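Worksheet: one structure, shown below.
Predicted model, so just to flag it, every value in this text is computed and none were measured.
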Amino acid sequence: MSQLQSLRGMVDLLPEALQRWQAVEAMAREHFQRSGFGEIRTPLLETTDLFGRGIGEGTDVVGKEMYSFQDRGDRSCTLRPEGTASVVRAALQHGLLSQGAQKLWYAGPMFRYERPQAGRQRQFHQIGVEWLGAERARSDVEVIALAWDLLASLGVGGLQLELNSLGTAEDRHDYRNALVAWLEQRSEALDPDSQARLSTNPLRILDSKNKDTQALLEDAPTLADALADASRERFEEVQRGLTTLGIPFRLNPRLVRGLDYYSHTAFEITSDQLGAQATVCGGGRYDGLISQLGGPQTPAIGWALGMERLLLVLEAAAQADPNGPAARLAVIPIPDAYLVNRGERAETVGLSLARSLRQQGLTVELDGSGSAFGKQFKRADRSCARWALVLGDEEVERGEVRLKPLQQQGEEVTVALSGIAAIVETLRTY
RNA sequence: GCGGGCGUCGCCAAGUGGUUAAGGCAGCGGCUUGUGGCGCCGCUAUUCGGGGGUUCGAAUCCCCUCGCUCGCCCCA
């Protein structure tokens, strides 16, 4: 292909698609505002080191999926693969934590060098929240409810909330040793990927999709059993909180999540509409991350939802229910008026008339073609505008403009060009 | 990084070795030189993702390459 085209996995968003995007973003913004979260925007580019220290050197995201390069000053830079590390870095850099807990949200592109497939791109977009300094179990509940309610208000159905607790670092450390010891006895029965993870990231073996490995794991020691009493009680409190709010969930002991920084509550919201990449929203608690990045020991929780995946689910919902809330997100705004204009003077006056009406808040489509009236009306019709404004040299001569209703029966009316207020009035009465 | 499927006009799509690459939608123009929604007519791919090869002859066969797509891995 000699034609110029975008890089693999990098997708253009065209106006039609953005209609729904913006509706989703607006809804998210509203929910965040109501819950007291403030927006934060951080650079797309960070030092490579931030992600290595934050996400974990042993993870796939850091190990093989980062877009990294040396800049002209020979610094190693990386296009952010996720949002949390950057937000924490920014909070530390600006001393935000010394002002108490921070409730932050962000939206923007993330980059991971992976093979694209359904619901997965190299540049993709996340909307996320980070609550730094959130300690109690009820903050876990509140944050999960925020995600759940946002998705519900968008009209997404058929979602499943999956929940697990990873305990504390000590819990996991003990459990990891027990699990590795148990698995090493049986390592020849493991699939090759899992064998490799025995030394790099043993907990991820739990999440293996290999059937034989899963069968083997039936009898393996479980993380739930390894949790200390305090961790267990905390997890139960989170569950009680969700139940009180009427948010259904399913315990999934295999839900481990790929990034090192998670602790205690881990959750995912999945959809059956997405094929292999079913997770729409994922998150959890990361009590160790902030101190790991050089800040004060600060508990925190957050989540991120994948815009592209959410949009896929919304499209499916809109298909299933053309009158439902998901379908209404994609409504294309129709112009109040389509200005048919032809002739040298008419086109000059037309431009300024369109401008005046727009200044009054009306949506006006100005035909710029100069083609025959019939053609312009044809386009006016296609635009679905409620009114056609007709302006030819004859009208200009008389200082008038004609208003013709397009969607209903009705007489064409003639109004003085000087009477913008009267024109606006008429266009709005329809 | 590894597998499977696919690649004909902006979109959908017929064509699977023989002189002109269907059709539909959209676009543009005309019937209608100032009034839409219907209809009719015309125009819009020297070319079949790109390169090489086989052949008298290829969109149709072979090789390479690029891209898309689904899955694995992993994750949003």
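Within 6.0 Å of CD in A/Glu411 there are 12 or fewer heavy atoms belonging to other residues, nucleotides or ligands.
Both distances falling under 3.5 Å, in either a Watson-Crick or a G-U wobble arrangement, occur for no nucleotide opposite B/U35. The nucleotide B/U55 finds no pairing partner, because no Watson-Crick or G-U wobble arrangement with both distances shorter than 3.5 Å includes it. Pairing for B/U47 is absent, with no Watson-Crick or G-U wobble pair whose two atom distances lie under 3.5 Å. Taking a pair to require two hydrogen-bonding distances under 3.5 Å in either a Watson-Crick or a G-U wobble arrangement, B/C28 pairs with B/G42. In a base pair of the Watson-Crick type (N1 to N3 plus N6-O4 or O6-N4) or a G-U wobble (N1-O2 and O6-N3), with each distance short of 3.5 Å, B/G1 is matched with B/C72.
Between the side chain of A/Arg112 and the base of B/A76, at least one donor-acceptor pair of N or O atoms lies under 3.5 Å. Not a single donor-acceptor pair, N or O on each side, falls under 3.5 Å between the base of B/G37 and the side chain of A/Lys378. Applying the 3.5 Å distance criterion, the base of B/A76 shares no donor-acceptor pair with the side chain of A/Gln121.
B/C12 and B/G17 have their C1' atoms separated by 27 Å, given to the nearest Å. As rounded to the nearest Å, B/G36 and B/G30 have P atoms that lie 14 Å from one another. Separation of the P atoms belonging to B/U8 and B/C61 is 15 Å when rounded to the nearest angstrom. Separation of the P atoms belonging to B/U16 and B/A59 is 13 Å when rounded to the nearest angstrom. Taking the C1' atoms as reference points, B/C11 lies 14 Å from B/A45, given to the whole Å. For B/G39 and B/A22, the P atoms lie 24 Å apart once the distance is rounded to whole Å. The separation of B/A21 from B/U44, taken at their P atoms, amounts to 12 Å, rounded to a whole angstrom. B/C62 sits 16 Å from B/G4 when the P atoms are compared, rounded to a whole Å.
Between the C1' atom of B/A76 and the OH atom of A/Tyr106 lies a distance of 9 Å, rounded to the nearest Å. Remark: P of B/G36 and CD of A/Gln376 are 12 Å apart, rounded to the nearest angstrom. Going from atom CG of A/Asn252 over to atom P of B/C75 covers 13 Å, rounded to whole Å. Distance OH (A/Tyr113) to C1' (B/G1): 10 Å, rounded to an integer number of Å. Straight-line distance from the CD atom of A/Glu16 to the C1' atom of B/C11: 12 Å, rounded to whole Å. Between the CE atom of A/Met66 and the C1' atom of B/C75 there is a distance of 15 Å, given to the nearest Å. A/Arg120 places its CZ atom 12 Å from the C1' atom of B/C2, with the value rounded to the nearest Å. As rounded to whole Å, 20 Å separates atom P of B/U32 from atom CG of A/Asp381.
The residue among A/Cys281 and A/Ser6 whose nearest nucleotide of RNA chain B is located toward the 5' end is A/Ser6. Sequence order on RNA chain B of the closest nucleotides to A/Arg402 and A/Arg379 puts A/Arg379 first from the 5' end.
Within the nucleic acid shown, A/Glu395 comes within 4.0 Å of at least one base atom, counting heavy atoms only. In this structure, A/Gly9 reaches the sugar-phosphate backbone alone: every heavy-atom distance under 4.0 Å involves primed, P, OP1 or OP2 atoms, never a base. As judged by a 4.0 angstrom heavy-atom cut-off over every strand, A/Ala304 is placed among residues touching the sugar-phosphate backbone only. Within the 4.0 angstrom heavy-atom criterion, no nucleotide atom of any strand lies near A/Gly343. Using a 4.0 Å heavy-atom cutoff across all strands shown, A/Ala118 reaches sugar-phosphate atoms only and no base atom. A/Arg115 comes within 4.0 angstrom of a nucleotide base, judged by non-hydrogen atoms across all strands. Contacts of A/Val61 with the nucleic acid, taken as non-hydrogen atoms under 4.0 Å apart, are absent. Here A/Glu394 lies in heavy-atom contact (under 4.0 Å) with a base. Residue contacts shown for A/Glu412 include a base, since a base heavy atom lies under 4.0 Å away.
No side-chain heavy atom of A/Glu130 sits under 4.5 Å from any side-chain heavy atom of A/Gln102.
Residue side chain A/Phe377 fails the stacking definition with respect to B/G36, as its ring centre and the base's six-membered ring centre are not both under 5.5 angstrom apart and under 30 degrees in plane angle.
Side-chain N/O atoms of A/Arg122 include none lying less than 4.0 angstrom from OP1 or OP2 on B/C75. Listed pair A/Arg8 / B/C68 meets the phosphate criterion, a side-chain N or O lying under 4.0 Å from OP1 or OP2. Between A/Arg382 and the phosphate of B/G27, there is a side-chain N or O to OP1/OP2 separation shorter than 4.0 Å. Taking side-chain N and O atoms only, A/Gln117 has a distance below 4.0 Å to OP1 or OP2 of B/G71. For A/Arg342 and B/G34, the shortest distance from a side-chain N or O to OP1 or OP2 is below 4.0 Å.
Comparing B/C75, B/G34, B/U69 by their closest approach to the side chain of A/Phe373 singles out B/G34. Distance from the side chain of A/Arg309 is smallest for B/A76 among the nucleotides B/G36, B/A76, B/G29. Of all nucleotides listed (B/C75, B/C73, B/G29), B/C75 comes nearest to the side chain of A/Thr279.
Using a 4.0 Å cut-off between charged side-chain N and carboxylate O, A/Glu412 and A/Arg402 make a salt bridge.
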Open item on the list: Walk me through whether A/Glu30 and A/Arg34 qualify under salt bridge (charged side-chain N to carboxylate O under 4.0 Å, His left out).
Closed with: CA-CA 6 Å; A/Glu30 199 180 313; A/Arg34 296 201 295 237; 2.8 Å; yes
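Side chain to side chain, A/Thr414 and A/Glu400 fail the donor-acceptor criterion of an N or O pair below 3.5 Å. With 3.5 Å as the limit, one finds no donor-acceptor pair spanning the side chains of A/Ser383 and A/Glu365. A donor atom on one side chain and an acceptor atom on the other are found under 3.5 Å apart for A/Arg379 and A/Ser369. With hydrogens and angles left out, the side-chain atoms of A/Arg285 and A/Ser139 include a donor and acceptor closer than 3.5 Å.
Considering every non-hydrogen atom in both A/Pro253 and A/Asn164, the closest pair reads O-ND2, 3.3 Å.
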